[in-house]
Amino acid sequence: MAQVTLPGRVKIVEVGPRDGLQNEKETIPADIKVELVDRLTRAGFPNIEAASFVSPKWVPQMATSAEVMERIQRKPGVIYSALVPNMRGFEAALAARVDEVVIFGAASEAFSQKNINCSIAESIDRFAEVARATKQHGLRLRGAISCAFGCPYQGEVPVEAVADVVRRLRDIGCDEIDIADTIGVATPNKVHAVMNRVVQDYPLSQLSGHFHDTYGQAMANIYASLECGITIFHSSVAGLGGCPYAKGATGNVATEDVLYMMQGLGIETGIDLDQVVDAGQFISAALGRKAISRAGNAIAAKRAG
Ligand code: HMG
Ligand code: MG
């Protein structure tokens, strides 16, 4: 059987504190958010998506972002990222000393309208200004592309639509671009098709896979991405999340499950799985429910004997 060489090391971006918690209905005290980020920092993540400077009318849960960024204990070298939709968000992110600004577009027109209230082209115009300011201040710039494999409003999303947004984000200077399966509909062949297409327009080493597990495909899709040579993945501790603008979307793939698979494949992450399991149990207890991570719950159960 033909063997594909998988990467020896990957970067895991922990998105739970933002992409996970943004979806919670009950207001979560800043203390809990700070404790979560600090635990994730201690577990060894190189990049944590910790905040979102969007309109609190649109995503009320993220209204405490400035306080969270102020109070977390930063570890030198760790990148603390925040979502920024416009210049107002940029000013807030700058004041909060974020290391990486994340602009977030979509490969689907319908989703762009629902999520950020403008067309894809308008969003890129807004982002171009944010991108310039980000670079002027010497910060990293990441671009997220939602609905790269399917959209809750328009259904099919052509591969060329994803490639088009990748080029636009590349042209305004993104250092990294996330290919996101916001509603978790992708399967491995589709992942191969999209990743192999976008790599024609953007460096492989700067592309990341952001998978949701709605249809139980996230781990298979991460493996398919590894086969394409992708070395950056997003995941969410305890499987927190969903998307307020994508009905029925379950959480991002659980970090514990991803780390367990990487360990088994002999792929280095530099992250301590045991501490992530603790962080997952901590946040799940704080939210009053069981973690969604299979590996996290299995490890916790084994420990309890
Ligand atoms: P809008 O209503 O079209 O624009 O929102 P606006 O400029 O008229 O602003 C409306 C109000 O928000 C105004 O306040 C503004 O001042 C205020 P009012 O005058 O009514 O009192 N405002 C702000 N407040 C704080 N910070 C700001 C800001 N901007 C405006 N930065 C806007 C347009 C883009 C602001 C809005 O649509 C928005 O904030 N959307 C964010 C939606 C969001 O965060 N969605 C979730 C993240 S995307 C995601 O999760 C997917 C991803 O994770 C990938 C995946 O999981 O697959 C990336
Ligand atoms: Mg997500």
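In listed order, ligands and their atoms are each counted from 1. This one's a predicted model, so the numbers in the text were calculated from it and none came from an experiment.
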Would you say ligand 1 has an N or O under 3.5 Å from any N or O of Asn252? no
Could you walk me through whether Leu287 and Leu240 pass side chain to side chain contact (heavy atoms under 4.5 Å, CB included), step by step? CA-CA 10 Å; Leu287 297 174; Leu240 296 172; 3.5 Å; yes
Quick one: does Arg18 get a heavy atom under 4.0 Å from ligand 1? yes
Against heavy atoms of His212, which atoms of ligand 1 measure under 4.0 Å? 55 (C), 56 (O), 57 (O)
Contact between Ile72 and Ile48 at the side-chain level, heavy atoms closer than 4.5 Å - yes or no? no
Please state whether Met62 comes within less than 4.0 angstrom of ligand 1, counting heavy atoms only. no
Within a strict 4.5 Å, meaning less than it, do heavy atoms of the Ile179 and His210 side chains meet? no
Say whether Leu83, considering both its backbone and side-chain N or O atoms, lies within less than 3.5 Å of an N or O atom on ligand 1. no
Going by distance only, is there an N or O of Gly89 that falls short of 3.5 Å from an N or O of ligand 1? yes
Using a strict 4.0 Å cut-off to heavy atoms of Pro56, name the atoms of ligand 1 that fall inside it. 24 (N), 25 (C)
Logged contact type for Asn86 with ligand 1, heavy-atom cut-off 4.0 Å, is side chain
Nearest 0.5 Å please: distance from the OG atom of Ser55 over to the CG atom of Asn117. 10.0 Å
Under a 4.0 Å heavy-atom limit, does His210 contact ligand 1 with its side chain, its backbone, both, or neither? side chain
Can you check whether Ser55 has an N/O within less than 3.5 Å of an N/O in ligand 1? yes
Do the side chains of Arg167 and Asp201 get close enough for a salt bridge, i.e. N-O under 4.0 angstrom? yes
Which word best sums up how the rings of Phe127 and Phe104 line up, parallel for under 30°, tilted for 30 to 60°, or perpendicular for over 60°? tilted
Under 4.5 Å between any side-chain heavy atoms of Ile232 and Glu176, yes or no? yes
Gln113, Glu91, Arg88: member with heavy atom nearest to atom 24 (N) of ligand 1: Arg88
Heavy atoms of other groups near Gln154 CD, more than 12 under 6.0 Å: yes
May I have the step-by-step check of side chain to side chain contact (heavy atoms under 4.5 Å, CB included) for Phe233 and Val253, ending in yes or no? CA-CA 10 Å; Phe233 294 98; Val253 64; over 6 Å; no
Report, in ascending order of atom number, the atoms of ligand 1 lying under 4.0 Å from any heavy atom of Asn117. 1 (P), 2 (O), 3 (O)
Taking only non-hydrogen atoms of Lys57 and a 4.0 Å limit, the atoms of ligand 1 in range are 14 (O), 18 (P), 20 (O), 21 (O)
Please report, to 0.1 Å, the donor-acceptor pairs under 3.5 Å made by any side chain of residues 215-223, with sequence neighbours excluded.
from: Gln217; atom 1: NE2; to: Tyr215; atom 2: O; distance (Å): 3.0
from: Asn221; atom 1: ND2; to: Ala186; atom 2: O; distance (Å): 3.0
from: Asn221; atom 1: ND2; to: Gln217; atom 2: O; distance (Å): 3.2

If I take atom CD1 from residue Ile283 and atom CZ from residue Arg39, how far apart are they, to the nearest 0.5 angstrom? 9.5 Å
State, with a plain yes or no, whether a side-chain heavy atom of Glu256 is found less than 4.5 Å away from one of Gln281. no
Pairwise side-chain contact, Val157 with Phe111, heavy-atom cut-off 4.5 Å (strictly under): no
Can you give the angle Asp19 OD2 - the Mg ion (ligand 2) - His210 NE2, rounded to 10°? 100°
Is the closest side-chain heavy-atom distance between Ile299 and Asp274 below 4.5 Å? yes
Asp19 heavy atoms, cut-off 4.0 Å: which ligand 1 atoms fall inside? 50 (O), 53 (O), 56 (O)
A student checking ligand 1 against Ile116 at a 4.0 Å heavy-atom cut-off should list atoms 33 (C), 34 (C), 37 (O)
Just let me know how Thr182 lines up against ligand 1, side chain, backbone, both or neither, with a heavy-atom cut-off below 4.0 Å. both
Any side-chain heavy-atom pair from Ser236 and Val15 closer than 4.5 angstrom? yes
Nearest option to atom 40 (N) of ligand 1, as decided by whichever heavy atom of Val54, Asp178, Asn115, Asn23 sits closest: Asn115
Check whether any N, O or S atom of Asn252 sits under 2.8 Å from the Mg ion (ligand 2). yes
Check: Arg126 N/O within less than 3.5 Å of ligand 1 N/O: no
Could you tell me whether some N/O pair between Phe53 and ligand 1 is separated by less than 3.5 angstrom? yes
Quick one: which of Phe111, Trp58, Phe90, Phe149 has a heavy atom closest to atom 36 (C) of ligand 1? Trp58
With heavy atoms and a 4.0 Å threshold, my read on which part of Val59 contacts ligand 1 is side chain
So if I count the atoms of ligand 1 from 1 in the order they appear, which ones are less than 4.0 Å from some heavy atom of Ala180? 54 (C), 55 (C), 57 (O)
Option with minimal heavy-atom separation from atom 54 (C) of ligand 1, where the choices are Gly105, Ser146, Pro85: Ser146
